[in-house]
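Heavy atoms only: backbone and side chains are in, while hydrogens, waters and symmetry mates are out. Read the numbers this way: they start at 1 and go in the same order the structure lists the ligands and their atoms.
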Amino acid sequence: MCGIVGYVGPRPASPLLIEGLRKLEYRGYDSAGLAVHDGKTIDIVRAVGKLHNLEVALAAHPLAGSLGIGHTRWATHGRPVEHNAHPHAAGDVAVVHNGIIENHVALRHALEADGVRFSSDTDTEIVAHLIDRAMRAGIVDLFAAVRRALEQVQGAYAIAVVSRTAPDRIVVAKSSSPLVIGIGEGETLCGSDIPALLAHTRDVIILEDGEMAELRAGSVRIETVAGVPVVRAPKRIDWSPMMAEKGGYKHFMLKEIFEQPRALEDTLRGRVDLRAGDVTSSEIGLSDEVATSIRRVYFLACGTSYHATLAGRYWVEQLARVPAVVEVASEVRYREPVFGPDDLVVAVSQSGETIDTLAAVKAAREGGAKVLAIANVLDSAIPRAADAALYTHAGPEIGVASTKCFTTQLGALLLFAVWLGRRRGTLDEGKARAVLQALVEAPGQMRAVLERAPEVLAVARVWHSASDMLFLGRGLGYPIALEGALKLKEISYIHAEGYAAGEMKHGPIALIDKKMPVVVIVPKDAHYEKTSGNVQEVCARDGQVVAIATDGDDEITPLAQQVLRIPPVAEWTLPLITVLPTQLLAYYIADLKGTDVDQPRNLAKTVTVE
Ligand code: M6R
């Protein structure tokens, strides 16, 4: 949510900032703006809506200069109108901000009582005024003035600040919201996420909570807000700029769907020891003692990641025979959950920044639990708050609707369950080898399913005008029913519900009539007889079945209106395969409807506010 970019160097800042903001569009936004220093003064241009509108405004009012900051805003305080768009100015200073200033009401009242007049409804403008006042009070150095302001601010923020009086530097600071610094050749950049920088550098410094930095063309100075100098060498990122581009696909989401076999291979690489029938222990990052001593696995996640944890629970119970609980993180943080040293919490988040998951992780650690994070973004907040991190290697996921992060999360969760089962003695070498072998074979099976995308497109053509859709699944098909429904509603805006197939009789069956498409995940697995019984029940009520079924299953053919086929697959890895037709179905339906597939309305990629 909200994207920040900044540039200081020899090149014209404006096009670079726009290009960086474009790479952050996936975060979701409703307005955008730039502030550029031309050596004498700072000029600001802002526009409501997509970046194109900002480019139109810039064409009418070009911003010259080689130092600037930019922002995409996702409204929290104040409507998405131009005067609330960032950057916000006060005196000589301009500020962009991601996050929420929690004590904004008190600060605003104090500033207003002091004669300050606000020109926006945002919490961000408060920060600009606090810095301006510090400078007016005699703190001439921008870095010191920003520090003075931050001492008064509570909440989550990443900010970038420029001042007319400091034509050679940007000051940035971070608490909870992400901020990355890019080190280029004689130029320095910053952004909310790595893709914003990749076109210019792969050498990055990730700012930590409570730190601030002064960026100049050839140098970076980092200190804590409390004034302690920080020395941190840049890290080299191995994502190529192309990995963050569409690569010839119409949408990022489609590209990411097709990247899944590669993403899973990357996630498994170096972690599977087929000879020993085990997972490379150092990759999990927890001691064997943790594995043997815990009495409960407690999964925490939101949205699609939560659906992955439902499969994780299944695997942990089956392979490691440990009681496992799955919770939506946004609910956990408002109960009084009982965590203790017997718990191993597994927090799953593609972004690694989801505020609810982060808060629940902190609560778990306060209760004495050990925490393993499964995340896709290196050094993001949740892995840093955890005891250990198992990274998925999906590469940057730009489409707001998560696809390759989901399947790599499934891969990581199955690795984790095998690791746990092996250490607890509930999983022998032979069975572990069979599970791992299935996992290693999954990318090839995924490729085979993706080759059948045109068949999914044909089904999408039939159903893209539906107003509702039901998804049913059982066992490891249940999380996929939930995920299939979520994907469809996120990007096509069709109302969709996912249900455990066994629950159909307890309510959703009332919805079924000849206008209701029902997607049933009914592969040849241990639950096949029961799930195909549900298919019969749907047919008996004139429901229209789209079956996701195994090659060679001819019993299903006469019952379903359409059948989307998958190859025969080991039961353990079924969700990695059955989810693919549901992702493609959602994608093609949304594309046929002409929705904004990569940036669906109202959604944000990284949910850093409650
Ligand atoms: O970054 P996270 O995995 O923690 O995000 C959790 C959800 O916000 C996310 O999965 C959301 O549901 C996506 N839009 C799913 O496509």
Side-chain angles (χ1 to χ4, degrees), residues 1 25-28 74 176-178 192-194 251-254 256-257 260 263 299-312 326-333 345-362 371-386 389-392 394-410 412-413 471 479-480 482-493 496 498 579 582-587 590 595-610:
M1 305 195 157
E25 281 190 297
Y26 70 90
R27 298 171 71 86
W74 190 85
S176 291
S177 302
S192 297
D193 199 355
I194 292 165
H251 294 100
F252 282 112
M253 182 182 174
L254 189 61
E256 287 157 7
I257 287 173
Q260 289 179 102
F299 289 104
L300 294 171
C302 299
T304 285
S305 301
Y306 165 74
H307 298 154
T309 64
L310 290 171
V326 174
E327 282 274 16
V328 175
S330 54
E331 282 299 315
V332 168
R333 63 182 298 197
V345 166
V346 180
V348 181
S349 169
Q350 62 79 22
S351 63
E353 299 286 347
T354 300
I355 190 111
D356 289 320
T357 310
L358 180 59
V361 162
K362 288 179 178 165
V371 178
L372 171 69
I374 295 181
N376 194 48
V377 180
L378 184 74
D379 280 346
S380 48
I382 292 168
R384 280 190 282 115
L390 174 59
Y391 285 103
T392 52
E397 187 176 73
I398 307 297
V400 167
S402 186
T403 52
K404 63 177 179 170
C405 282
F406 177 69
T407 41
T408 53
Q409 286 168 350
L410 291 176
L413 285 162
F471 288 71
I480 301 309
L482 295 180
E483 177 58 11
L486 178 68
K487 218 79 304 168
L488 186 71
K489 71 183 117 185
E490 277 188 304
I491 60 170
S492 75
Y493 316 142
V579 75
T582 70
Q583 293 171 341
L584 286 166
L585 187 63
Y587 171 78
T595 60
D596 191 347
V597 170
D598 283 331
Q599 290 156 46
R601 67 186 181 203
N602 305 335
L603 287 176
K605 183 73 180 165
T606 308
V607 182
T608 51
V609 293
E610 289 176 56

Any protein N or O within less than 3.5 Å of an N or O in ligand 1? List each pair with its distance, or say none.
| unit_1 | atom_1 | unit_2 | atom_2 | d |
| --- | --- | --- | --- | --- |
| ligand 1 | 1 (O) | Ser349 | OG | 3.4 |
| ligand 1 | 1 (O) | Gln350 | NE2 | 3.0 |
| ligand 1 | 1 (O) | Ser351 | N | 2.9 |
| ligand 1 | 1 (O) | Ser351 | OG | 2.6 |
| ligand 1 | 1 (O) | Thr354 | OG1 | 3.3 |
| ligand 1 | 3 (O) | Ser305 | OG | 2.5 |
| ligand 1 | 3 (O) | Gln350 | N | 2.7 |
| ligand 1 | 4 (O) | Ser349 | OG | 2.6 |
| ligand 1 | 4 (O) | Thr354 | OG1 | 2.4 |
| ligand 1 | 5 (O) | Thr354 | OG1 | 3.4 |
| ligand 1 | 10 (O) | Thr304 | N | 3.0 |
| ligand 1 | 12 (O) | Thr304 | N | 3.4 |
| ligand 1 | 14 (N) | Val400 | O | 3.4 |
| ligand 1 | 14 (N) | Glu490 | OE2 | 2.4 |
| ligand 1 | 16 (O) | Thr304 | OG1 | 3.4 |
| ligand 1 | 16 (O) | Ser402 | N | 2.8 |
| ligand 1 | 16 (O) | Lys487 | NZ | 2.9 |
| ligand 1 | 16 (O) | Glu490 | OE1 | 2.8 |
| ligand 1 | 16 (O) | Glu490 | OE2 | 3.0 |

Gln409 meets the side-chain hydrogen bond (donor to acceptor under 3.5 Å, both in side chains) criterion, sequence neighbours left out, with Ser305
Under 3.5 Å: donor-acceptor pair, side chain of [X], backbone of [Y]:
X	Y	value
Lys404	Pro396	yes
Asp598	Met253	yes
Ser351	Glu353	yes

Glu483-Gln583 side chain donor-acceptor pair, cut-off 3.5 Å: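 Result is no, nothing qualifies.
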Compute the ring centroids of Tyr587 and His251, then answer whether they are less than 6.0 Å apart. yes
